[in-house]
Colleague: 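Quick one: this structure, given as structure tokens, is what I'll be asking you about.
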2 protein chains.
Amino acid sequence: MKVLTKKTDYAIRALLTLAANSGRYVSAKTISEGQDIPYQFLRGLLQELIRLELIVSKEGSQGGVMISRNPDEISVKQLIEGFQGKVQVSECMFRRQICANRAKCVLRHEIMRIEQVVNAEFEKITIGSLLRNLDAIQGHIQPAV
Amino acid sequence: MKVLTKKTDYAIRALLTLAANSGRYVSAKTISEGQDIPYQFLRGLLQELIRLELIVSKEGSQGGVMISRNPDEISVKQLIEGFQGKVQVSECMFRRQICANRAKCVLRHEIMRIEQVVNAEFEKITIGSLLRNLDAIQGHIQPAV
DNA sequence: ATAACTGATACTATATTAATATCAGTTAAA
DNA sequence: TTTAACTGATATTAATATAGTATCAGTTAT
Ligand code: FES
Ligand code: FES
């Protein structure tokens, strides 16, 4: 049981590369090769990131994508929601009117609490914090090119 | 993004019925109808619960399945692990030796912490606790037949 | 004997995720 | 002014996981 799909994982890694190269346009090809993400898959994903307004693009030769937000304001939670939808533990555990009074259902509350904890934790993790951690370890994410 | 699959959800509900009928054999048909779980799907699932040693069965007429553990000792965590595998936030976020020193990787630790929180929460929720909550609400889960 | 059951297993359908492919249009620079 | 390096947009396929169905053999209470 995995919580992050490959797409979200790829998005995080692409954004890390972009955060390490802010102010510069980096091509999909460069990111693809640097992070070992399938090229066309990455391209689609980058277009989604553009729609999410986390990056901007420049067409043509020497073009590419560039991060357009403060990396500290891009949380893993946002990315999960953008690519996988809200964290949802389950639908109503007891369907068909079993819990007539959904609003007061203790179970639901219990389970929604877990969702909140997970969300809160993923909110704390940002592209910025990840990048700093990586830098602290060994300065991995090299400026591309 | 859902955390519990239908199978796990069904298993929880089947076990609640069985917990409310402990000491008695309840047929798959009765559970299926009572909880609105597809019959054959439920049958397979019950066989898995038998292998997990959470229930026992009796063949033949008047047969069925019966819970064989203290409901307080059956946690949702166990069920998730039995049906969906361990909670795993992602594989190593940075593949191919990027983090040369996996053991000390801050990211991994961060992410593993979330996994632990989730697991700890699901461990607290047991068939017993769920059943008591339901009873407290309105005594839903009627003894079957 | 028969109806009500489980054991075991094979199969199909559906949905989600992952990956590829194609072609049109933009831009920098030789 | 042509060309190579790019993105935009979209269609298609492949792989995998989840959900649901079907069948037949064997067991047991009545
Ligand atoms: S779990 Fe759905 S209302 Fe209680
Ligand atoms: S995330 Fe894999 S070792 Fe750091």
Side-chain angles (χ1 to χ4, degrees), chain A residues 1-11 13-14 18 21 24-33 35-53 55-66 68 79-80 82-86 88 90-91 95 144-145, chain B residues 1-11 13-14 18 21 24-33 35-53 55-66 68 79-80 82-86 88 90-91 95 144-145:
Chain A
M1 175 205 183
K2 288 233 199 65
V3 175
L4 298 185
T5 60
K6 281 201 176 182
K7 194 168 192 173
T8 306
D9 178 304
Y10 289 161
R13 283 158 47 210
L18 294 179
N21 287 280
R24 265 191 291 261
Y25 287 100
V26 182
S27 74
K29 186 171 176 239
T30 303
I31 300 170
S32 166
E33 289 170 356
Q35 294 279 10
D36 198 25
I37 302 173
Y39 178 71
Q40 291 295 354
F41 195 62
L42 174 65
R43 295 251 288 122
L45 185 164
L46 291 176
Q47 296 199 2
E48 292 187 64
L49 288 176
I50 289 169
R51 273 176 233 121
L52 293 172
E53 304 190 329
I55 65 177
V56 290
S57 66
K58 185 178 133 193
E59 289 181 75
S61 179
Q62 298 296 103
V65 289
M66 182 168 74
S68 63
L79 295 171
I80 290 178
F83 289 111
Q84 310 180 40
K86 292 229 174 213
Q88 195 187 355
S90 81
E91 291 172 11
R95 301 185 182 84
V145 175
Chain B
M1 174 204 186
K2 289 234 198 65
V3 174
L4 298 185
T5 62
K6 281 201 175 183
K7 194 168 190 174
T8 307
D9 180 304
Y10 289 161
R13 284 158 49 210
L18 294 179
N21 288 281
R24 266 192 290 261
Y25 286 100
V26 181
S27 75
K29 186 173 176 239
T30 301
I31 299 170
S32 165
E33 289 170 356
Q35 295 278 10
D36 197 25
I37 302 172
Y39 178 72
Q40 292 295 354
F41 194 64
L42 174 65
R43 295 252 288 124
L45 186 165
L46 291 175
Q47 296 198 3
E48 292 186 64
L49 288 176
I50 290 169
R51 274 176 232 122
L52 294 171
E53 303 190 331
I55 65 177
V56 290
S57 66
K58 185 178 132 193
E59 289 181 73
S61 181
Q62 298 296 104
V65 291
M66 181 168 74
S68 64
L79 295 171
I80 289 178
F83 289 111
Q84 310 179 50
K86 290 230 177 215
Q88 196 187 353
S90 81
E91 291 174 11
R95 303 186 181 80
V145 178

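Chain identifiers are assigned alphabetically (A, B, ...) following the order of the sequence lines, protein sequences preceding nucleic acid strands; residue numbering begins at 1 within each chain. Keep in mind that this is a model prediction, so the values were computed, not measured. These values consider heavy atoms only, across backbone and side chains, with no hydrogens, waters or symmetry-generated copies.
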Colleague: For A/Leu45 and D/dT7, give me the distance from atom CG to atom C1', rounded to whole Å.
Modeller: 15 Å
Colleague: Can you tell me which residue among B/Leu79, B/Leu18, B/Val56 is in a side chain to side chain contact (heavy atoms under 4.5 Å, CB included) with B/Leu49?
Modeller: B/Leu79
Colleague: Roughly how far, to the nearest 0.5 Å, is the OG atom of B/Ser27 from the NZ atom of B/Lys58?
Modeller: 12.0 Å
Colleague: Where do B/Gln84 and B/Leu4 land on the side chain to side chain contact (heavy atoms under 4.5 Å, CB included) test, with the steps shown first?
Modeller: CA-CA 8 Å; B/Gln84 310 179 50; B/Leu4 298 185; 4.1 Å; yes
Colleague: Quick one: what's the B/S/- string for nucleotides 8-13 of chain C, heavy-atom cutoff under 4.0 Å, read 5' to 3'?
Modeller: B-----
Colleague: Whole Å only: how far is the CD1 atom of B/Ile31 from the P atom of C/dA4?
Modeller: 18 Å
Colleague: How close or far is atom P of D/dA15 from atom NZ of A/Lys2, stated in whole angstroms?
Modeller: 17 Å
Colleague: Give B/Tyr25 one of three labels, base, sugar-phosphate or nothing, depending on what nucleic acid heavy atoms sit under 4.0 Å from its own.
Modeller: nothing
Colleague: Which whole-number value in Å describes the distance from B/Lys29 NZ to C/dC5 P?
Modeller: 6 Å
Colleague: Can you tell me how far the CG atom of B/Leu46 sits from the CG atom of B/Leu42, to the nearest 0.5 Å?
Modeller: 4.0 Å
Colleague: How far does CG of A/Leu45 sit from CD1 of A/Ile50, to the nearest 0.5 angstrom?
Modeller: 10.5 Å
Colleague: Have a look at B/Leu46 and say if it touches a base, only the backbone sugar-phosphate, or nothing, with a 4.0 Å heavy-atom cut-off.
Modeller: nothing
Colleague: Distance-only, no hydrogens or angles: does the B/Ser32 side chain make a donor-acceptor pair with backbone N or O of B/Ile37 under 3.5 Å?
Modeller: yes
Colleague: Between B/Thr8 and B/Val3, is a side chain to side chain contact (heavy atoms under 4.5 Å, CB included) present by the stated rule, with each step listed?
Modeller: CA-CA 10 Å; B/Thr8 307; B/Val3 174; over 6 Å; no
Colleague: Tell me: CG of B/Leu49 to P of C/dT6, nearest whole Å?
Modeller: 13 Å
Colleague: Rounded to whole angstroms, how far apart are CD on A/Glu48 and P on D/dT7?
Modeller: 16 Å
Colleague: Consider the side chain of A/Tyr39, meaning its heavy atoms from C-beta on, and name the nucleotide among C/dT20, D/dT7, C/dG7 that approaches it most closely.
Modeller: D/dT7
Colleague: Taking only N/O atoms, report every protein-nucleotides 16-18 of chain C pair under 3.5 Å with atom names and distance.
Modeller:
{"from": "C/dA18", "atom 1": "OP1", "to": "A/Lys6", "atom 2": "N", "distance (Å)": "3.0"}
{"from": "C/dA18", "atom 1": "OP2", "to": "A/Lys6", "atom 2": "N", "distance (Å)": "3.3"}
{"from": "C/dA18", "atom 1": "OP2", "to": "A/Lys7", "atom 2": "N", "distance (Å)": "3.4"}

Colleague: Give, for atom CD of B/Gln62 and atom OH of B/Tyr25, the distance between the pair rounded to the nearest 0.5 Å.
Modeller: 12.5 Å
Colleague: Are any protein N/O atoms closer than 3.5 Å to N/O atoms in nucleotides 26-30 of chain D? If there are, list each pair with its distance.
Modeller:
{"from": "D/dT27", "atom 1": "O4'", "to": "B/Glu59", "atom 2": "OE1", "distance (Å)": "3.3"}
{"from": "D/dT27", "atom 1": "O2", "to": "B/Gly60", "atom 2": "N", "distance (Å)": "3.3"}
{"from": "D/dT28", "atom 1": "O2", "to": "B/Ser61", "atom 2": "N", "distance (Å)": "3.0"}

Colleague: Output the distance between atom CG (B/Asp9) and atom CD1 (B/Ile80), rounded to the nearest 0.5 Å.
Modeller: 11.0 Å
Colleague: Find the distance B/Ile37:CD1 to D/dT21:P and express it as a whole number of Å.
Modeller: 13 Å
